[in-house]
S.K.: 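Okay, here's the structure, questions in a sec.
Computation of the quantities below employed the complete heavy-atom set of this structure, encompassing side-chain atoms and omitting hydrogens, waters and symmetry-equivalent molecules.
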Amino acid sequence: MSTVTDPEAKISEQFSAPSPAEISVLSPFERFAFRWCTRMNQGRWKRFWTWCQRIFGAGWIHLSTYNLMNIYGLEHVEAASHDRPILLVANHRSFFDMYTVSTALFRQTTWRKQLFFPVRGRFFYQSPLGLFVNLVMGWWSMYPPFFATGDKPMPEKRAFDRYSLRLLNELCRHGAGNVIGFHPEGTRNKSADRYSFLPAQPGVGKLIKEAAPQVIPVFIAGLGNNLVRQVLGNWTGGEKIRIHFGPQLDLTEHLARPNRIRTYKEIADFVMEKIAELGEQDQKVMGDEQ
């Protein structure tokens with residue numbers, strides 16, 4: 001019987017491994033960070049870190065936001081099948097958006113889940129500080145990493161990003177309890193208007209078209225980007241945090257269309273429309289409370 005000698009082929013018992021050509025574009029530290037986080041996101045390690053995320057991570061976020069937190073539409077998440085992956089598509093205005101969403105899920109739902117948040121690898125996978133933040137803020141769930149796109153693109157790492165997209169497809173296609181958080185806008189919207197949105201990127205449409213996960217839109221408002229100010233606001237009268245979960249999207253018509261950029265963009269735009277509709281609901285809620 002033959003034995004496997006390629007170390008990359010043994011990197012995961014659950015996830016497919018990158019090819020030598022794909023992994024070779026990463027620096028030595030990036031490879032180490034990727035291998036480490038891959039190990040932490042599967043099997044017993046993933047179950048252990050998910051327990052930490054549920055007890056400690058969600059615990060301190062709850063203590064820091066309980067006076068401000070308002071959650072709407074959680075019944076839509078409960079109505080989804082927990083035997084198939086769920087893709088949460090949300091607007092993006094704060095570094096802390098998905099942390100509060102995960103806290104809502106861990107504290108107010110009881111079904112077994114494991115979270116994954118694809119991120120730009122340029123910070124989280126390029127320095128010890130980035131790895132540390134991934135641990136203390138995400139319990140290693142900021143995974144898988146992407147390098148080639150964003151404000152400071154690294155096109156030389158595009159080969160690895162193709163692997164990360166395949167891995168993300170696996171997470172969205174298979175795995176009971178997989179919850180994947182995704183921002184269709186691709187980056188933070190820094191506009192002062194909380195109800196404005198950046199154009200949706202076709203990448204989310206491609207992911208949905210290929211993996212066909214359950215897709216639930218989310219609108220988040222009221223979070224800032226200053227951690228100290230955000231935490232103090234819980235006791236000093238900060239802005240109310242609102243998280244709106246929408247009904248699962250019916251994408252049957254879109255999934256039947258050809259695999260091409262136009263289809264991906266149409267799906268992405270449809271997703272953003274549904275997030276914007278939740279924003280309109282938030283406007284109404286805020287107006288009723290004034």
S.K.: Under a 4.5 Å side-chain heavy-atom rule over Ile, Leu, Val, Met, Phe, Trp and Tyr, are Phe124 and Leu129 clustered together?
M.R.: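 Linked within one cluster.
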S.K.: Atom CG of Leu255 and atom CD1 of Ile267: how far apart are they, to the nearest 0.5 Å?
M.R.: 6.0 Å
S.K.: Mind checking whether Asn169 and Leu207 have side chains closer than 4.5 Å, heavy atoms only?
M.R.: yes
S.K.: How about CZ on Arg257, more than 12 heavy atoms from neighbouring residues, nucleotides or ligands closer than 6.0 Å, or not?
M.R.: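 Counting neighbours around CZ of Arg257, more than 12 heavy atoms of other residues, nucleotides or ligands fall under 6.0 Å, so yes.
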S.K.: I need the minimum non-hydrogen distance between Ala104 and Leu74, along with the two atoms involved.
M.R.: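 That closest heavy-atom pairing would be O-CD2, 4.4 Å.
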S.K.: Would you indicate whether the side-chain heavy atoms of Ile55 and Phe106 approach each other to under 4.5 Å?
M.R.: no
S.K.: Taking atom CD of Glu185 and atom NE2 of His92, what is their separation to the nearest 0.5 Å?
M.R.: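 Glu185 CD to His92 NE2: 8.5 Å, rounded to 0.5 Å.
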S.K.: Considering non-hydrogen atoms only, spot the tightest contact between Asn225 and Ser94 and give its length.
M.R.: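 Closest pair (atom of Asn225, atom of Ser94, distance): OD1-CA, 3.1 Å.
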S.K.: Using a 4.5 Å cut-off on heavy atoms from C-beta on, say whether the side chain of His183 contacts that of Gln201.
M.R.: no
S.K.: Could you walk me through whether Gln281 and Lys284 pass the side chain to side chain contact (heavy atoms under 4.5 Å, CB included) check?
M.R.: CA-CA 5 Å; Gln281 292 182 24; Lys284 184 177 185 304; 5.7 Å; no
S.K.: Taking the six-membered ring for Trp and the full ring for Phe, Tyr or His, determine whether the centres of Tyr163 and Phe34 are under 6.0 Å apart.
M.R.: yes
S.K.: Which is it for Val89 and Val215 under the side chain to side chain contact (heavy atoms under 4.5 Å, CB included) test, yes or no, and what are the steps along the way?
M.R.: CA-CA 7 Å; Val89 287; Val215 182; 3.8 Å; yes
S.K.: Where do Ile220 and Ala90 come nearest, in terms of heavy atoms and distance?
M.R.: CD1-CB, 3.9 Å
S.K.: Side chains of Lys113 and Thr109: any donor to acceptor distance under 3.5 Å?
M.R.: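 Result is yes, a qualifying pair exists.
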S.K.: Which residues, ordered by chain and number, are linked to Leu232 in its hydrophobic cluster, where ILVMFWY side chains connect at heavy-atom gaps below 4.5 Å, directly or through other members?
M.R.: Val228
S.K.: Does anything in residues 208-221 pair up under salt bridge (Lys or Arg N to Asp or Glu O under 4.0 Å), and if so which pairs, sequence neighbours excluded?
M.R.: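 Listed once each, the pairs are Lys206-Glu210.
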S.K.: Is there any salt bridge (Lys or Arg N to Asp or Glu O under 4.0 Å) pair reaching into residues 68-83, and which pairs are they, with sequence neighbours excluded?
M.R.: none
S.K.: Taking it one step at a time, do Asp161 and Lys157 satisfy salt bridge (charged side-chain N to carboxylate O under 4.0 Å, His left out)?
M.R.: CA-CA 7 Å; Asp161 279 15; Lys157 299 186 189 296; over 6 Å; no
S.K.: Consider side chain to side chain donor-acceptor pair (under 3.5 Å). Of Arg84, Gln114, His82, Arg173, which one does Asn178 pass it with?
M.R.: Gln114
S.K.: Enter the distance from Tyr72:OH to Phe219:CZ here, rounded to the nearest 0.5 Å.
M.R.: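 If I round to the nearest 0.5 Å, the distance is 11.5 Å.
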S.K.: Do Ser16 and Glu170 have a side chain donor and acceptor closer than 3.5 Å?
M.R.: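 There is such a pair between these side chains.
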S.K.: Check whether Val271 and Leu171 end up in the same hydrophobic cluster, where Ile, Leu, Val, Met, Phe, Trp and Tyr are linked by side-chain heavy atoms less than 4.5 Å apart.
M.R.: yes
S.K.: Quick check: closest heavy atoms across Ser196 and Arg93, and the distance to 0.1 Å?
M.R.: OG-NH1, 4.0 Å
S.K.: For the residue pair Gln108 and Ile71, what are the closest heavy atoms and their distance?
M.R.: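 It is NE2-CD1, 3.1 Å.
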S.K.: Considering only residues two or more places apart or on different chains, which pairs with a residue in residues 220-239 satisfy salt bridge (Lys or Arg N to Asp or Glu O under 4.0 Å)?
M.R.: Arg194-Glu239, Glu239-Arg242
S.K.: Please list all pairs passing the side-chain hydrogen bond (donor to acceptor under 3.5 Å, both in side chains) test where one or both residues lie in residues 123-143, with sequence neighbours left out.
M.R.: Glu30-Gln126, Thr38-Tyr143, Gln53-Ser141
S.K.: Is the distance between the ring centroids of His76 and Phe245 less than 6.0 Å?
M.R.: no
S.K.: Hey, is CH2 on Trp45 packed in by over 12 heavy atoms from elsewhere, all under 6.0 Å?
M.R.: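 Atom CH2 in Trp45 is not packed in, count stays at 12 or less.
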S.K.: Measure the spacing between CG of Leu105 and CD1 of Ile243 and express it to the nearest 0.5 Å.
M.R.: 8.5 Å
S.K.: If Ile, Leu, Val, Met, Phe, Trp and Tyr residues are connected whenever their side-chain heavy atoms lie under 4.5 Å apart, and connections chain through other members, are Phe197 and Tyr264 in the same group?
M.R.: no
S.K.: Quick one, Leu223 and Tyr99 - any side-chain contact, counting heavy atoms below 4.5 Å?
M.R.: no
S.K.: Less than 4.5 Å apart, side chain to side chain, heavy atoms only: is that true for Ser102 and Phe117?
M.R.: yes
S.K.: How long is the straight-line distance from OG of Ser64 back to NE2 of His62, given to the nearest 0.5 Å?
M.R.: 10.0 Å
S.K.: Report yes if some heavy atom in the side chain of Phe116 is under 4.5 Å from a heavy atom in the side chain of Lys46; otherwise report no.
M.R.: yes
S.K.: Under a 3.5 Å threshold, yes or no: a donor from one side chain and an acceptor from the other, between Thr252 and Asp250?
M.R.: yes
S.K.: Any chance CZ of Phe132 has more than 12 other-residue heavy atoms, nucleotides or ligands included, within less than 6.0 Å?
M.R.: no
S.K.: Using a 4.5 Å cut-off on heavy atoms from C-beta on, say whether the side chain of Thr50 contacts that of Leu115.
M.R.: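 No, too far: nothing below the 4.5 Å cut-off.
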S.K.: So how far is it from Thr65 OG1 to Trp60 CH2, rounded to the nearest 0.5 Å?
M.R.: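 Thr65 OG1 to Trp60 CH2: 9.0 Å, rounded to 0.5 Å.
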S.K.: Under a 4.5 Å cut-off applied to non-hydrogen side-chain atoms, are Ile61 and Phe96 in contact?
M.R.: no
S.K.: Evaluate Tyr195 against Gln283 for side chain to side chain contact (heavy atoms under 4.5 Å, CB included), listing each step before the verdict.
M.R.: CA-CA 8 Å; Tyr195 300 113; Gln283 285 182 288; 3.2 Å; yes
S.K.: Under 3.5 Å, is there a donor on one side chain and an acceptor on the other for Asn70 and Lys240?
M.R.: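 Not at all, the side chains of Asn70 and Lys240 share no donor-acceptor pair under 3.5 Å.
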S.K.: Write out all pairs satisfying salt bridge (Lys or Arg N to Asp or Glu O under 4.0 Å) with one or both partners inside residues 15-27, taking only residues at least two apart or from two chains.
M.R.: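 Every salt bridge (Lys or Arg N to Asp or Glu O under 4.0 Å) pair that includes a residue of residues 15-27, provided the two are not neighbours, is Glu22-Arg166.
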S.K.: Using the rule given for side chain to side chain contact (heavy atoms under 4.5 Å, CB included), can you reason through Glu266 versus Arg262, listing the C-alpha separation, both sets of side-chain angles and the distance that settles it, and then say yes or no?
M.R.: CA-CA 6 Å; Glu266 288 174 349; Arg262 180 177 177 178; 3.3 Å; yes
S.K.: Quick check: closest heavy atoms across Met272 and Leu198, and the distance to 0.1 Å?
M.R.: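 Distance-wise, the nearest heavy atoms are CE-O, 4.2 Å.
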